[in-house]
Undergrad: 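One structure, pasted below without further comment.
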There are 2 protein chains.
Amino acid sequence: MATSPDPFNSRSSRKVPLNKDAVLSTALEIVDAEGLDGLTMRRLGQELRRDPMSLYRYAANRAALLDGVTEVVLDELTMFAEEPDWQAQLRGMAHDLRLLALRHPNVVALLVTRPLSTPLGLRPLGTLRPLEQILGLLIGAGFSPTEALHAYRAYYGFLYGHILNELRECIVDPEENEALLRLGLHRLPAKDFPHLRALGPVLANYEGDVELDQGLTILLSGLAAQLQRKDR
Amino acid sequence: MATSPDPFNSRSSRKVPLNKDAVLSTALEIVDAEGLDGLTMRRLGQELRRDPMSLYRYAANRAALLDGVTEVVLDELTMFAEEPDWQAQLRGMAHDLRLLALRHPNVVALLVTRPLSTPLGLRPLGTLRPLEQILGLLIGAGFSPTEALHAYRAYYGFLYGHILNELRECIVDPEENEALLRLGLHRLPAKDFPHLRALGPVLANYEGDVELDQGLTILLSGLAAQLQRKDR
DNA sequence: GACAACTTCTCTACGACGTAGACTTTACGG
DNA sequence: CCGTAAAGTCTACGTCGTAGAGAAGTTGTC
């Protein structure tokens, strides 16, 4: 007994050994389709038609698997759009990251929280590449290295914040055409939340890219002003 | 057999029945001390000297427990600092939230990700109160409700982003006095990450409150400009 | 072909987790 | 003293991550 459930298993598909990329990309598929909790070693093993234990050859443990998934996602970022000036580039990269987040909303929680307790230098290199890239961009634009760092922080802070905000703006029941109900706002006590309830219709049609762009305009104009002040 | 391990247990301490607040606040203590994963039903039960199952009287399940913890934390926010103008108020609230985050870094992941898939209207009211409050503040300052919403989003987006950024800037080995080593940056290949490595010393002494304030200055000046433009 | 070394994958098993369901203990009002 | 409701406990199930030993398949050497 103890034959494998699928004879196919022990022949053709096993011939091709797994590799890390294959493991990580199907892991990502599972996360996209079923959420973070949906990704278990057993579930992933099933998807790859392997014993769950075999996965430990490609990821030291589940945490490492999750780190790998974030790296795969970050690699989707188009590295360099050639844009005229640094502001346009930052704008473009922001929109790219936003779209990436929308494509993999379940991974955003990882992107944001996984490295929380991992010191900068020990993080997967994929996570650090955008940082290095933007530093170069800003320094090239005329900021001093230190200023570039501060600017980067303001920029990325805002960007991540926006993405989190946008992902939160999700809908209870898209079929419902009454804005209040669609967002579940009817549950709020009217006297404690007058403004929020009044904004129901506005809240209901959120346009993330416009919202992001407006925020960027504020931020970038602030940064540009700083750069000008310095030029004099 | 099957006597409780501690006779004290069945007498004095059981006399006072548990209540939700007690459960949530010790849950918070555990999260602060041992991280999110450290908070299990069994661990919390042990801390409260109760059977883990008894907790289900005060929280429907673990997820609800976590939601409860975020509410407890948000309740720590001082509600209204009386400041001269709206900008100063936003500044003050931002710093308050930052300090809150530093006090409970492990909860930040919750604050940021828990409501990710919970529609706005269904979230714990504690989560929504700051939103309502800031809307009121901005509308009072002269923004239209819709503008206030956009301004809020830019503000909170930046704020959350900053907090996440700051929490990430943690140290490998505080004893190490060489900046590069302290951050673990020596691991980075020098040719791929020239700027990042060069910034080692600057990265090493991060001052979160200054950083936050600079970002706020940029953001608030942008918002004020928008308000002025409208006045004319 | 024989055999060994190495890679890849599987089996079995353990302890920890969340929690369903039935039960026991406690407090109290009549 | 009894009934009732609230608070807490016990037992048990299924699922999870993963340690450790070993099986199967692949490759190199003579």
Side-chain angles (χ1 to χ4, degrees), chain A residues 1-27 30-31 33-69 106 109-110 114, chain B residues 1-27 30-31 33-69 106 110 114 117:
Chain A
M1 275 310 132
T3 60
S4 60
D6 178 14
F8 194 81
N9 195 357
S10 18
R11 300 223 155 264
S12 68
S13 72
R14 182 97 40 91
K15 278 201 140 162
V16 180
L18 242 36
N19 58 56
K20 192 165 179 178
D21 286 350
V23 171
L24 291 182
S25 66
T26 57
I30 294 179
V31 171
E34 308 172 27
L36 281 180
D37 294 340
L39 178 64
T40 68
M41 301 307 252
R42 290 167 154 93
R43 176 84 184 75
L44 182 54
Q46 166 189 338
E47 203 69 21
L48 294 166
R49 311 167 128 268
R50 299 292 145 87
D51 185 282
M53 274 297 133
S54 71
L55 303 175
Y56 286 89
R57 220 157 267 287
Y58 309 102
N61 49 41
R62 195 179 115 97
L65 190 66
L66 292 177
D67 282 343
V69 170
N106 295 329
L110 273 187
R114 268 301 308 168
Chain B
M1 277 309 135
T3 58
S4 59
D6 178 15
F8 194 81
N9 194 357
S10 19
R11 301 226 155 262
S12 67
S13 73
R14 183 95 40 90
K15 278 201 142 164
V16 180
L18 242 36
N19 59 56
K20 192 165 181 179
D21 286 350
V23 170
L24 291 182
S25 66
T26 57
I30 294 178
V31 171
E34 308 173 26
L36 281 181
D37 294 341
L39 178 64
T40 69
M41 301 307 256
R42 289 167 152 93
R43 176 83 184 77
L44 182 53
Q46 166 190 337
E47 203 69 20
L48 294 166
R49 314 168 127 266
R50 298 294 142 89
D51 187 282
M53 275 297 133
S54 71
L55 303 176
Y56 286 89
R57 235 163 249 291
Y58 309 100
N61 48 43
R62 195 178 115 97
L65 190 66
L66 293 176
D67 283 342
V69 170
N106 296 328
L110 272 187
R114 266 301 308 167
S117 43

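We name chains A, B, ... by the order of the sequence lines, and we start the count at 1 in each one. None of these values were measured; they are calculated from a predicted model. Side-chain atoms are counted along with the backbone in the values below, which use heavy atoms only and exclude waters and symmetry mates.
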Undergrad: From B:Gln46 CD over to B:Arg42 CZ, what is the distance, rounded to the nearest 0.5 angstrom?
TA: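 The CD atom of B:Gln46 sits 11.5 Å away from the CZ atom of B:Arg42.
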Undergrad: Roughly how many Å is it from CZ in B:Arg49 to P in D:dA7, rounded to a whole number?
TA: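 Value for this atom pair: 20 Å.
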Undergrad: Quickly work out the A:Asp37 CG to C:dC17 P distance and round it to whole Å.
TA: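 Whole-Å distance recorded here is 16 Å.
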Undergrad: Going by number, which of residues 52-61 of chain B have a non-hydrogen atom under 4.0 Å from DNA chain D?
TA: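 DNA chain D contact set from residues 52-61 of chain B: B:Met53, B:Ser54, B:Arg57, B:Tyr58.
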Undergrad: Between atom NZ of B:Lys20 and atom CG of B:Leu55, what is the distance when rounded to the nearest 0.5 Å?
TA: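 Here the interatomic distance stands at 12.5 Å.
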Undergrad: Could you work out which one of D:dT18, C:dT19, D:dC10 sits closest to the side chain of B:Asp51?
TA: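 Among D:dT18, C:dT19, D:dC10, the one nearest the side chain of B:Asp51 is D:dC10.
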Undergrad: Round to the nearest Å and state the distance from A:Leu39 atom CG to D:dT15 atom P.
TA: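 My rounded result for the distance is 17 Å.
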Undergrad: Rounded to whole angstroms, how far apart are CZ on A:Arg50 and C1' on D:dG25?
TA: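 Those two atoms, CZ and C1', are 12 Å apart.
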Undergrad: Please report, rounded to the nearest Å, how far the P atom of D:dT11 is from the CZ atom of B:Arg42.
TA: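 Spelled out: CZ on B:Arg42 to P on D:dT11 is 13 Å.
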Undergrad: Side chain of B:Thr40 only, please: which of C:dC17, D:dG17, D:dA7 is the nearest?
TA: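 So the side chain of B:Thr40 is nearest to C:dC17.
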Undergrad: Within this structure, what is the CZ-to-P distance between B:Arg62 and D:dC16, rounded to whole angstrom?
TA: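 B:Arg62 atom CZ is separated from D:dC16 atom P by 15 Å.
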Undergrad: Grab the CE-P distance between B:Met41 and C:dG18 for me, whole Å please.
TA: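 Result: 7 Å.
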Undergrad: Say whether, by atom type as modelled, one donor and one acceptor occur between the side chain of A:Asn106 and the main chain of A:Leu36 under 3.5 angstrom.
TA: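 No, A:Asn106 side chain to A:Leu36 backbone: no donor-acceptor pair under 3.5 Å.
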Undergrad: Kindly compute the distance separating CG (A:Asp67) from CZ (A:Arg62), expressed to the nearest 0.5 Å.
TA: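 The distance works out to 11.0 Å.
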Undergrad: Report the distance from atom NZ of A:Lys20 to atom P of C:dT8, rounded to the nearest whole Å.
TA: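 Atom NZ in A:Lys20 sits about 14 Å away from atom P in C:dT8.
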Undergrad: Counting only N and O atoms by type, is there a donor-acceptor contact under 3.5 Å from the side chain of B:Ser54 to the main-chain atoms of B:Arg50?
TA: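 Between the backbone of B:Arg50 and the side chain of B:Ser54 there is no qualifying donor-acceptor contact (under 3.5 Å).
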Undergrad: For the backbone of B:Leu18 and the side chain of B:Tyr58, can you confirm whether one donor and one acceptor N or O come within less than 3.5 Å of each other?
TA: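 Yes, the answer is positive, given that a donor and an acceptor are paired below the 3.5 Å cut-off.
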